[in-house]
Participant: 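Have a look at this one.
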Protein chains: 2
Amino acid sequence: MSDSKFSYSLLATDAQTAARRGRFQTPHGDVDTPGFMPVGTQATVKGLTIKQLRATGAQMVLGNTYHLALRPGADVVAELGGLHGFMGWDGPILTDSGGFQLFSLAKMTRVSEQGAVFRSHIDGHAMELSPERAIEIQELLGSDVAMVLDHVLGLPAERAAIADACDRTVRWAERSLAAARRTDQALFGIVQGGLEADLRVRCAEQLVELGFPGYAVGGLSVGESHAEMCRMLDVTVPVLPADRPRYLMGVGRPIDLLESVARGIDLFDCVMPTRNGRNALAFTDEGTLRLRNARHERDPRPLEADCPCAACRHSRGYLRHLFMAGEMLGPILLSIHNLTYYQRLMHGAREAIGRGEFAAYRAKKLAGWTRGQEP
Amino acid sequence: MSDSKFSYSLLATDAQTAARRGRFQTPHGDVDTPGFMPVGTQATVKGLTIKQLRATGAQMVLGNTYHLALRPGADVVAELGGLHGFMGWDGPILTDSGGFQLFSLAKMTRVSEQGAVFRSHIDGHAMELSPERAIEIQELLGSDVAMVLDHVLGLPAERAAIADACDRTVRWAERSLAAARRTDQALFGIVQGGLEADLRVRCAEQLVELGFPGYAVGGLSVGESHAEMCRMLDVTVPVLPADRPRYLMGVGRPIDLLESVARGIDLFDCVMPTRNGRNALAFTDEGTLRLRNARHERDPRPLEADCPCAACRHSRGYLRHLFMAGEMLGPILLSIHNLTYYQRLMHGAREAIGRGEFAAYRAKKLAGWTRGQEP
């Protein structure tokens, strides 16, 4: 990378897959890859203090342009120390651009070449988000990595509409690069293209030509099958330069992460660990556990015997009680456990890649998840 | 005290008030008094992990017989390690008997000499709670201190009804003593008597005659004025033996605590720090702060500059944002701050008593609360 404040070091490549181990350096510290970023949409990873978040093993967290611009406002965040100072996280932060929320959350979004006009999901207030405005907001937030504003479509979609959104995403990416001013913030491009392999490839090639310090694969995890997602990675990732980090946005389940790592992805974010945790679902090496299930009532075992997290200091019976009694500590502890699980999964993946044994690691995890799956 | 596993050591008496500093020894450790017990009704202090609870400075916590008997059931708690093992708290625990919940929460409670019959507030299930059953449940829970089942009335009440409930409370206390089997659990009697000074005195005298290892003042904080509460303590506390701990149940605001300490109370419990914290109200030496107030939007200051808690690592602006955005971390952090505030208040009280300067300490705190009160 040209800017000395950011660099990606490739440390090891797996023997049998495209998995790679690396280190992404940012002004707020290093991120070991492949790595998982907990989602802190509104400047907080739901239910965790900063100390607890750090204890899960997280190195980099995600914030959201759309949400923070609406509330409390980018100027408030800037005045209170930028996103790092505001939320009290001194490690690396990536901010999403808001492209996904324009598609998933905002009301009456209309996209033109200039940008998107929409109504806030909070109070219906009319707002505008252009590529330049998305950069301006993210520069106020002061994240280490900003994302370009992209044009996201739901799947399935017409090929013509996908091609149009894809081309617009590239034009917006170019405008974003031209608008960016901060030298302590890296801007990542986002590959769109729905499930059209050739459009994905073309979009990636055009973005690479523009020259970003990192690339994301977007527009997945929006309703397509696991196989379709893998197929898109198979065609897209090889186009991306080996000396830049690759980030798969919004994905996913543990199996999605390992299959994507096998295809050369370095960074992930997803709400699953926290959202499922709040809903009493725990991830383990033996599959998922639904803690409200009566069979856990008197179970003295922790979720996982070897897990160092705060939840695993308690019995499954106690965790079930917390959910049955509607106690906040249930969602808190399961969010902590699930985030810890994801971090441990990625840590294990990095170790396996270092030994050239990632394929075996993936197979072993998959076998455990399949074997232990709760009926 | 007769049983060697429990003892109260009087360490210092204040020069100008009846405040006293002491140490209450239990099988799970010592409690410095005057001290505040956070309320963990359902085997969790709402929103805090055990590590966070310990970090507030809490030494002893409270659990509830009524709630835990209903859900998950005393046998489940016993099977999962007793209340200590179940919730993962290895310090002293006191369990309330359920008397207060029969009055405040249960449906269609009918009290007879035998005990109370009521319907669960959760599912309407009919249940019975007698003095003996309350002991049985608390022995299953395995708390360090159990409370006798008392007959609580709302205020105001007819003198005849108060006298009747008072006498019943004494008879039930005697039955409770006879029923108690565990030598590692101390049983506290509870003084009732409404706002009738002579009934309070008589009840206290009768309980002292029965000989408990500790005494509680109950039936306050149920609608009476601060002055009335103080008047009841003025007449009741002098009747209680100086070599046993004195516990004022369910009280209260910071000012209530200091006025009660001045009258010789050693132990407190109250939901105010956590309940108010969940509702965006913070206790400080400059009075209470309502964090949803717009004036905090851009305030970079912590709640209290010298507070070591996790909330005070953040700005008031950030805390306000969490509440406005409906984020769990707001209630969590304010619960932590308020519990820390109560512990620091009690710590300061103990230090002041040790120096014989408790009256000045109380006056200084009161001046701060009055001066800083938010409009």
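In what follows, every chain begins at residue 1, and chains take the letters A, B, ... in the order their sequences are listed. Values below: every heavy atom of this structure, side chains too, minus hydrogens, waters and symmetry copies.
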Participant: Could you tell me which non-hydrogen atom of B:P273 sits nearest to which non-hydrogen atom of B:L339, and how far apart they are?
Facilitator: CB-CD2, 3.8 Å
Participant: How close do A:A116 and A:L102 get, counting heavy atoms only, and between which atoms?
Facilitator: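 Residues A:A116 and A:L102, closest heavy atoms: CB-CD1, 3.4 Å.
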Participant: Among residues at least two apart in sequence or on other chains, which ones pass ring pair (Phe, Tyr, Trp, His ring centres under 6.0 Å) with A:F100?
Facilitator: A:F103
Participant: Using a 4.5 angstrom heavy-atom cutoff, name the option from A:P300, A:G330, A:G47 with the most pairs to chain B.
Facilitator: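 Of the options given, most contacts go to A:G47.
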Participant: Using non-hydrogen atoms only, which part of B:I122 is less than 4.5 Å away from chain A: side chain, backbone, both, or neither?
Facilitator: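 The answer is neither part of B:I122.
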Participant: With chain A, which of B:L48, B:L322, B:V76 has the greatest number of heavy-atom pairs at distances under 4.5 Å?
Facilitator: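 Of the options given, most contacts go to B:V76.
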Participant: Go through A:L334 and A:F323 one step at a time and tell me if the side-chain contact (heavy atoms from CB on, under 4.5 Å) criterion holds.
Facilitator: CA-CA 10 Å; A:L334 251 61; A:F323 280 98; 3.8 Å; yes
Participant: With a 4.5 angstrom heavy-atom cut-off, which part of A:L70 approaches chain B: side chain, backbone, both or neither?
Facilitator: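 Contact with chain B: none, neither part.
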Participant: Who wins among A:I50, A:V45, A:L80, A:V77 for the most heavy-atom pairs under 4.5 Å with chain B?
Facilitator: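 Counting heavy-atom pairs under 4.5 Å, the top option is A:L80.
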Participant: Shortest non-hydrogen contact from A:I137 to A:A69?
Facilitator: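 Scanning both residues, the minimum pair turns out to be CD1-CB, 3.7 Å.
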Participant: Go through the steps for B:M37 and B:V31 under the test side-chain contact (heavy atoms from CB on, under 4.5 Å), then give the verdict.
Facilitator: CA-CA 10 Å; B:M37 299 180 283; B:V31 184; 6.0 Å; no
Participant: If I compare all heavy atoms of B:G29 with all of B:P92, which pair ends up nearest, and what's the gap?
Facilitator: O-CG, 3.5 Å
Participant: So between chain B and chain A, what donor-acceptor pairs come in under 3.5 Å?
Facilitator:
| residue | atom | partner | partner atom | Å |
| --- | --- | --- | --- | --- |
| B:Q42 | O | A:H321 | NE2 | 2.8 |
| B:Q42 | NE2 | A:A325 | O | 3.3 |
| B:Q42 | NE2 | A:E327 | OE2 | 2.8 |
| B:A43 | O | A:Y318 | OH | 2.5 |
| B:K46 | NZ | A:E327 | OE1 | 3.4 |
| B:K46 | NZ | A:E327 | OE2 | 2.6 |
| B:R71 | NH1 | A:M324 | O | 3.3 |
| B:D75 | OD2 | A:R298 | NH2 | 2.7 |
| B:E79 | OE1 | A:R298 | NH1 | 2.6 |
| B:R298 | NH1 | A:E79 | OE1 | 2.6 |
| B:R298 | NH2 | A:D75 | OD2 | 2.8 |
| B:Y318 | OH | A:A43 | O | 2.5 |
| B:H321 | NE2 | A:Q42 | O | 2.8 |
| B:M324 | O | A:R71 | NH1 | 3.3 |
| B:A325 | O | A:Q42 | NE2 | 3.3 |
| B:E327 | OE1 | A:K46 | NZ | 3.4 |
| B:E327 | OE2 | A:Q42 | NE2 | 2.8 |
| B:E327 | OE2 | A:K46 | NZ | 2.6 |

Participant: For A:A43, is it the side chain, the backbone, both or neither that has a heavy atom under 4.5 Å from a heavy atom of chain B?
Facilitator: both
Participant: Check whether any side-chain heavy atom of A:L303 lies under 4.5 Å from a side-chain heavy atom of A:L289, and answer yes or no.
Facilitator: yes
Participant: Mind listing the closest non-hydrogen atom pair of B:A58 and B:P38 along with its distance?
Facilitator: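 For B:A58 and B:P38, the tightest heavy-atom pair comes out as CB-CG, 3.6 Å.
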